[in-house]
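Input: a single structure, listed below in structure tokens.
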There are 2 protein chains.
Amino acid sequence: MSSKSPLYRKVAGDLRTAIAAGEYGSGARLPAEDELARRYGVSRGTVRQALASLRADGLVTSRRGARRVVLGGAPRLQSFGELRSFARWARSLGEEPGGRTVAVDPAEATEEEANHLQLPPGAGVFKVMRVRTLSGVPVMVERSTYPERIGRLVAAMDVDEVSHSRQLELHGVLFTDAHHTIDVASADADDAKLLGCGAGHALLRERRRSTDPAGTPVEWSEDRYLPGTVAFTVHNSVASSALGRQLGEE
Amino acid sequence: MSSKSPLYRKVAGDLRTAIAAGEYGSGARLPAEDELARRYGVSRGTVRQALASLRADGLVTSRRGARRVVLGGAPRLQSFGELRSFARWARSLGEEPGGRTVAVDPAEATEEEANHLQLPPGAGVFKVMRVRTLSGVPVMVERSTYPERIGRLVAAMDVDEVSHSRQLELHGVLFTDAHHTIDVASADADDAKLLGCGAGHALLRERRRSTDPAGTPVEWSEDRYLPGTVAFTVHNSVASSALGRQLGEE
DNA sequence: GAGTGGTCTAGACCACGAA
DNA sequence: TCGTGGTCTAGACCACTCG
């Protein structure tokens, strides 16, 4: 039982489990911070850190003067609570992820690409197109642009490699932050062929810029999903929650 | 200058301003926590609270051992960093929001509605349909379902009232948490007429369940946007960031 | 090895909610 | 009024990064 993970994780994990198990029905009040601190033999600050994480995930409310209340947890689909690769996300839903690389092209970065990857205009990049499947069924076309160093690693991978991000991790390339933009796009000829829909068919589009722990951009990607196969979910709250997430800016 | 807002807000605000003003170029390193604490005459904990908020918004990285790095901030579109009403969001972009109520109907909650609003099956609700405009151009159809008490307040409002949420605030009804699901839907006859598109046209759909500070559901809404008029943006990071946001769960 | 962020403690005072 | 969460302090030790 040697635990190398922080205490607040243990506390948060226990509370998540208890909530998931229905020990606190929807609308029930959580124990007070002091009570939890006593129960776990930790300081109140540590308990608050655990609770902040539940709050960020939209599992509980919190306001001054009243105990925290358990929110009726809707089942999560593609939650943005934490950055996760397609493969890891699929597996967490009990689906079997797949992927096949359709094209790998060295190229010079367009102005937009150079901008997103913070490279000089015309710098060398690798463009990779992949079909992603869930249990064998094509659901998404992924077009990623990588800086040269990373692109080389991707280009060397098997075309049927399921998780590029896993492989890149093994080479010391980490994806730790991402900024996503979601809207609707129209299927082009490639999309239509790969997804088996008509050209011009509307697709759910997610564009993503991922960075490593040092803040260096490592990937610029555009994913197009067949409608009905996935949905994205996000939780939100007004300014001034526990431990000061989110500011407000008016 | 009597400030009733917390200290960490002041610190966070200053840092945001400095970053926005380009005082720390993209990739630059922020001052150390101790340095900021000394500079503002506050404790390190307070500085960390401020920095956690920047982290949550995707403005900076943070990892043990190295100074925080400023991320190249992409311009935000419809950011989910903080819960904001359509009207407030539009104004923050310099657009002029508008809205016209098309229909208000008392009804019995369907099973789905009762579920989302945590009401008994068949409870009385109000269903409200509205067209939302940006600078006079229709961009979205909003179908909201309210519990009876709140629905009555909405039903009593002027059909041209721009911000229902603002009015509800004045009546003591607060929206503090929301859970969003984003996908693609197809325009029905109402959508087509109100948005001026063809029936069957693909729309960007956001479904939302909002709750008040006590965790009581106050609104269940389905918004359908004309593609190209708005996009949603979200920021994300892997587990274990400053002040323990997000857990990970494997 | 020095600097830095991550975790944790043990206090304190205040603002707010509920009884 | 009393319990509760929000804010804040002043320390401490450790794990990690970087020169």
Side-chain angles (χ1 to χ4, degrees), chain A residues 2-12 15 28-38 40-55 60-70 172 174 176 212-216 237-248, chain B residues 2-12 15 29-55 60-70 172 174 176 212-216 237-248:
Chain A
S2 74
S3 80
K4 48 178 184 161
S5 83
L7 281 180
Y8 73 84
R9 278 218 190 206
K10 159 72 172 155
V11 178
L15 290 171
R29 276 151 63 229
L30 239 45
E33 294 176 357
D34 284 333
E35 164 62 18
L36 287 171
R38 233 176 302 118
Y40 282 94
V42 301
S43 77
R44 194 182 152 215
T46 299
V47 167
R48 284 178 62 75
Q49 217 169 334
L51 290 168
S53 128
L54 300 207
R55 179 83 215 280
V60 300
T61 63
S62 79
R63 51 177 178 154
R64 194 165 8 208
R67 292 260 201 86
R68 287 180 171 76
V69 170
V70 177
L174 265 41
T176 56
D212 70 11
T216 307
S237 53
V238 291
S240 192
S241 67
L243 279 171
R245 289 188 61 248
Q246 295 149 338
L247 266 240
Chain B
S2 74
S3 81
K4 48 176 186 167
S5 84
L7 281 180
Y8 73 84
R9 278 220 190 205
K10 160 70 173 157
V11 178
L15 289 172
R29 277 149 64 227
L30 239 45
E33 295 176 356
D34 285 332
E35 164 62 18
L36 288 170
R38 232 175 303 117
R39 199 179 291 181
Y40 282 95
V42 300
S43 78
R44 194 180 152 216
T46 299
V47 167
R48 282 179 64 74
Q49 218 170 332
L51 289 168
S53 129
L54 299 206
R55 179 83 215 282
V60 300
T61 63
S62 79
R63 51 179 177 151
R64 188 161 16 202
R67 294 259 277 273
R68 287 181 171 77
V69 170
V70 177
L174 266 41
T176 56
D212 70 11
T216 307
S237 53
V238 292
S240 192
S241 66
L243 279 173
R245 287 188 61 248
Q246 294 150 337
L247 267 241

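Quick note on labels: first sequence line is chain A, next is B, and so on, each numbered from 1.
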* To do: Compare side-chain N and O positions of B:Arg68 against OP1 and OP2 of C:dG6 and report whether any pair is under 4.0 Å apart.
  => yes
* Asked: Starting at NZ of B:Lys10 and ending at P of D:dC8, how long is that distance when rounded to a whole Å?
  -> 13 Å
* Asked: C:dT4 P sits how many Å from B:Asp34 CG, rounded?
  -> 8 Å
* Begin with the C-alpha distance, continue with both residues' side-chain angles, and end with the deciding distance and a verdict on side chain to side chain contact (heavy atoms under 4.5 Å, CB included) for B:Ser237 and B:Arg55. => CA-CA 9 Å; B:Ser237 53; B:Arg55 179 83 215 282; 3.4 Å; yes
* To do: Can you tell me the distance, in whole Å, between the CG atom of B:Leu54 and the C1' atom of C:dG5?
  => 15 Å
* Asked: Hey, is the main chain of A:Leu30 close enough, under 3.5 Å, to the side chain of A:Arg67 for a donor-acceptor pair?
  -> yes
* **Minimum heavy-atom distance between B:Ala12 and B:Ser53, given as atom pair plus value** => CB-OG, 4.2 Å
* Asked: Under the 3.5 angstrom rule, does the side chain of A:Thr61 hit a backbone N or O of A:Val69 as a donor-acceptor pair?
  -> yes
* Asked: Distance check: side-chain N/O of B:Tyr8 vs OP1/OP2 of D:dC8, anything under 4.0 Å?
  -> no
* State which of D:dT4, C:dT7, C:dG6 makes the closest approach to the side chain of A:Ala32. => D:dT4
* Find the distance A:Leu174:CG to D:dT17:C1' and express it as a whole number of Å. => 14 Å
* Asked: Taking OH from B:Tyr40 and C1' from D:dA10, how many angstroms apart are they, rounded to a whole number?
  -> 21 Å
* Asked: Which atom pair, heavy atoms only, marks the closest approach of B:Val60 to B:Val70?
  -> CG1-CA, 4.3 Å
* **Any donor-acceptor N/O pair under 3.5 Å between C:dG5 base and B:Arg55 side chain** => no
* Asked: Does a nitrogen or oxygen in the side chain of B:Thr46 sit under 4.0 Å from OP1 or OP2 of D:dT9?
  -> yes
* **Closest non-hydrogen atom pair between A:Glu33 and A:Leu51, with its separation** => CG-CD1, 3.9 Å
* Structure fact -> The nucleotide from C:dG6, D:dC8, C:dC8 with an atom nearest the side chain of B:Ser62 is C:dG6
Polar pairs (N or O, both sides) under 3.5 Å between protein and nucleotides 16-19 of chain C?
{"unit_1": "C:dA18", "atom_1": "OP1", "unit_2": "A:Arg63", "atom_2": "NH2", "d": "2.9"}

* Taking CZ from B:Arg67 and C1' from C:dG5, how many angstroms apart are they, rounded to a whole number? -> 11 Å
* Please give, in whole Å, the distance from C:dT9 P to A:Arg48 CZ? -> 14 Å
* To do: Would you mind reading off the distance between A:Glu35 atom CD and D:dG3 atom P, rounded to a whole angstrom?
  => 14 Å
* According to a strict under-4.0 Å criterion, is A:Arg44 in side-chain N/O contact with OP1 or OP2 of C:dG11? -> no
* To do: Quick one: closest heavy-atom pair of A:Thr176 and A:Pro213, and the distance?
  => OG1-N, 3.3 Å
